[in-house]
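Just below is one structure, and these are the notes that go with it.
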Amino acid sequence: MAEAVKVLVQSGDAAEEVLVESSAPLASVVPGEDPAVLAAQIGDQVVDLTRPVGPAATVRLLRFEDAEGRRVFRHSSAHLLAQAVKRLWPDAQLGTGPALDDGYYYDLHLPEPLTEADLARLEQAMRDIVVESLPIRREELTREAALQLFQARGESFKQQIIERIPEGTAISVYRQGEFVDLCAGPHVPNTGVLAAIKLTSVSGAYWRGDEQQPMMTRVYGTSFPTAEALKAHLDRVEEAKRRDHRQLGQQLGLFQFRDESPGFVFWLPKGLKLFRRVEALSRWLQEQLGYEEVMTPWIYKDTLWKRSGHWDHYQDDMFLIDQREEHLGVKPMNCPGHAVLFGSTVRSYRELPVKWAEYSPLSRFERSGALHGLLRVRGFHQDDAHLFVRPQQIQEQIREVLELIDRLYGLFGMQVEVVFSTRPQDYLGDLETWEDAERQLSAALADWGRPYQLNPGDGAFYGPKLDFNAIDSLGRRWQTSTVQLDYQMPLRFDLSYTESDGSRVRPVMIHRAILGSVERFVGILIEHYAGDFPLWLAPLQARVIPITDDEADRGREMVRDLRAAGIRAEVDDRSEKLGKKIRDGQLDKVPVLLVVGAREREVGTVSVRSRAGDSGVYDWARYVEELVQQAALPLARG
RNA sequence: GCCGGAAUAGCUCAGUGGCAGAGCGCUCGCCUUGUAAGCGAGGGGUCGUGGGUUCAAGUCCCACUUCCGGCUCCA
């Protein structure tokens, strides 16, 4: 029966040809029974090592180092978690437990809420199962058998999942010891390889993400093949925590949130310096491209919002005011105001593109649970602009926006990723217009020459869009910029311009924000730089430190020199020891500390200490000049 | 909005039914200092808000507010 087949086994960068029986398990082609091999890939399918080799010509062995292998490892970890829960709370019902990018979770329905204190017990139960090194076995069953199995075990959520599995799909379960879970797999060969595990948090989550459905308890965890790798990961998490903009904002005196106005920022002087600096950059770059700034009302009558469509589609997210007879809404976006302005006069094709920028405050009534530091607020500012263009100008205008994004993010040393979302099912307008718009967008992207991710069918109903993720110094992605084509707003406001042949044509509106919310962007920058802002951005660039009170006057003089040269500086003239002032300067993350003692005062020099440490003694006048140069905006491609 | 947790001095936090605390910051005094914390004293709190249980509540219970972790949503 068994037939010998020749298989090319790829393992990491190496590949070797082996002759095996086609009925032998894939594990038999693993060189030296290497326990680091978790699963295998045949074609584009990831499978268990217990599967027979079959007619495969090429088998790729997957380890934790491979993204696919990692997912298997984390998925098996989720099963491990579920098994431990069932041991401690036999009445718990299983929901789902997928792998995440750097961990996994399992949603469970528990009779009692689980607290973080229970996590230690649960973790221990998981370790016990690791030590037991239970083999993990796959089993395929019929729909009826599967339903019966989970019904017998009282797993109502699993039954719901089975009922939603399309006819004809193989239904599989995985068993390890007394535990069995409905699962497509694949999994690692046994629980023993899940060596280093850690539960990180517990929270609630709706079954299937639906508010109408029961609330599940979601337990989050992560896992690694070795304790060292787990430690390294936990250190990275610590690092991210250390950079939390909310903590740094408090520590560095940048901004505050207060109960008196939840979701709105109190900017302190230092934080506002950052905010204004970032905003000024955006303004400056846009002015180069011929944008013009406008400022439009922030409160409008309901008639405007009804016309723009916000009344029907966005009302829940707006601050509404009933002022005597009038129904008013505070603006969550600038677009209706700009549309009104565009339509206020007769426009010629010669004027287009009209590019209006606005930095006005916007308000959105975010649900209370959604608020998160500067990253999600109710009152914010966008570096917003609307481009009113002729349909044939879309490509060149998009191209220009892409360059603007490059230049702005380049200043902060950040890369951006693009997601192109195309026509959804329920699109408005005619197909031809959509196809032309999408063609122009992809042409602009192609011209830009950067890879992008296509998200078919995820565009807005009024037009296709580009979303941008900025990647920070820890490799985290933040959705910031957005570019959206809009055919609906011009229609609703009956916008038009006169074409060269005298006909009236409807312009296309391009909504775009480069920083996105300035508040959010500042929050991202705080985390990106961990509060160690580059000199050009730092709210306080230099602090002068006189060593004794005898140099305090000289110190104040130096601050005057620095301020006259445009450097943001202050003096620390407290009667404290030098070491103390240096320490405080470092903790305040001041880029340069300028020490002046009797020696420096006598000969007109300064002892400079940067973040890296003592960097020597310089002539004062020359140093100020040099500092001014270092503090200039890094506009390399000016 | 929903689930879970939390709220004590300006900040970070201890206090587990019986006199409200520490470190840092702040004020004052002493010290006059050479690259990450000098010494001493002082001031500072309706223990988030409102109700309840108790002889007695920062502590236990309930409601509300805000924050944190998620869900949902999203710039």
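What you see below is based on every heavy atom in this structure, not just the backbone, and it leaves out hydrogens, waters and symmetry mates. Computed from a predicted model, the values in this text were never measured in an experiment. Naming: A, B, ... by sequence-line order, numbering from 1 per chain.
Straight-line distance from the CG atom of A:Asp550 to the P atom of B:rG34: 13 Å, rounded to whole Å. Taking atom CG of A:Asp107 as the reference point, atom C1' of B:rC2 lies 14 Å away to the nearest angstrom. Rounded to whole angstrom, the span from the CD atom of A:Glu551 across to the C1' atom of B:rU33 amounts to 9 Å. If you measure from atom CG of A:Leu252 to atom P of B:rG25, you get 16 Å, rounded to the nearest angstrom. Following rounding to the nearest Å, A:Asn334 (CG) and B:rA75 (P) show an atom-to-atom distance of 14 Å. The CG-P distance, from A:Asp553 to B:rU32, rounds to 19 Å in whole Å. For A:Phe380 and B:rC73, the CZ to C1' distance is 13 Å, given to the nearest whole Å. Put simply, OH on A:Tyr105 is 8 Å from P on B:rC71, counting in whole angstrom units.
For the 3.5 Å distance criterion, the side chains of A:Thr482 and A:Asp467 qualify, holding a donor opposite an acceptor. Inspection of the A:Ser473 and A:Arg243 side chains reveals an N or O donor paired with an N or O acceptor under 3.5 Å. In this model, a donor atom of one side chain and an acceptor atom of the other lie less than 3.5 Å apart for A:Glu519 and A:His381. No side-chain N or O of A:Glu279 forms a donor-acceptor pair with one of A:Ser282 less than 3.5 Å apart. Using modelled atom types and a 3.5 Å distance limit, the side chains of A:Lys331 and A:Thr296 yield a donor-acceptor pair. Using modelled atom types, one finds no donor on one side chain facing an acceptor on the other under 3.5 Å when comparing A:Asn469 with A:Trp478. A:Tyr452 and A:Glu417 are not linked by any side-chain donor-acceptor pair at a separation below 3.5 angstrom, with hydrogens and angles left out of the test. A:Asp549 and A:Ser575 share a donor-acceptor pair across their side chains, judged by distance under 3.5 Å alone.
Here A:Ala513 lies out of heavy-atom contact (under 4.0 Å) with every strand. Looking at heavy-atom distances under 4.0 Å, A:Val377 makes contact with a base. Within 4.0 Å of A:Ser481, counting heavy atoms only, lies no atom of the nucleic acid at all.
Aromatic rings from A:Phe533 and A:Phe412 are positioned such that their centres are separated by 6.0 Å or more. Residues A:Tyr409 and A:Phe521 place their aromatic rings such that the two centres sit under 6.0 Å apart.
Each of A:Thr482 and A:Arg599 has a nearest nucleotide on RNA chain B; the 5'-most of these lies closest to A:Arg599. Mapped onto RNA chain B by nearest heavy atom, A:Pro262 and A:His372 fall at different nucleotides, with A:Pro262 at the one closer to the 5' end.
Taking the C1' atom of each, B:rG48 and B:rG58 are spaced 12 Å apart, rounded to whole Å. With both ends at atom P, the span from B:rA7 to B:rC60 equals 10 Å, rounded to whole Å. B:rC68 and B:rU54 have their C1' atoms separated by 32 Å, with the value rounded to a whole Å. With both ends at atom C1', the span from B:rA6 to B:rC47 equals 14 Å, rounded to whole Å. With P as the reference atom, B:rG44 and B:rC64 are 36 Å apart, rounded to whole Å. Going from the C1' atom of B:rC67 to that of B:rU49 covers 15 Å, rounded to whole Å. Rounded to whole Å, the separation between the C1' atoms of B:rG29 and B:rU66 comes to 41 Å. Rounded to a whole angstrom, the distance from the P atom of B:rC2 to that of B:rA63 is 12 Å.
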I'd like a table of atom pairs between the protein and nucleotides 6-13 of chain B - only N or O on both sides, under 3.5 Å - with the distance next to each one.
none

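The side chain of A:Arg246 contributes an N or O atom lying less than 4.0 Å from OP1 or OP2 of B:rC68.
With centres under 5.5 Å and a plane angle under 30° as the test, the ring of A:Tyr220 is not stacked against the base of B:rG70.
Checking B:rC55 for Watson-Crick or G-U wobble geometry (two distances, each under 3.5 Å) identifies B:rG18 as its partner. Judged by Watson-Crick or G-U wobble contacts below 3.5 Å, the nucleotide B:rA6 has B:rU66 as its partner. B:rG40: Watson-Crick or G-U partner is B:rC28, with both key distances under 3.5 Å.
Residue-to-nucleotide contacts include a donor-acceptor pair under 3.5 Å from the side chain of A:Asp549 to the base of B:rU32.
Applying the 6.0 Å contact sphere to CG of A:Asp316 captures no more than 12 heavy atoms from other residues, nucleotides or ligands.
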With B for base contact, S for sugar-phosphate-only contact and - for none (protein heavy atoms under 4.0 Å), nucleotides 35-42 of chain B reads BBBB----
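For A:Leu371, the side-chain atoms get nearest to B:rC67 when compared with the rest of B:rC73, B:rC67, B:rU32.
Checked options A:Arg364, A:Arg520, A:Glu366; the residue passing with A:Phe380 is A:Arg364 (criterion: side chain to side chain contact (heavy atoms under 4.5 Å, CB included)).
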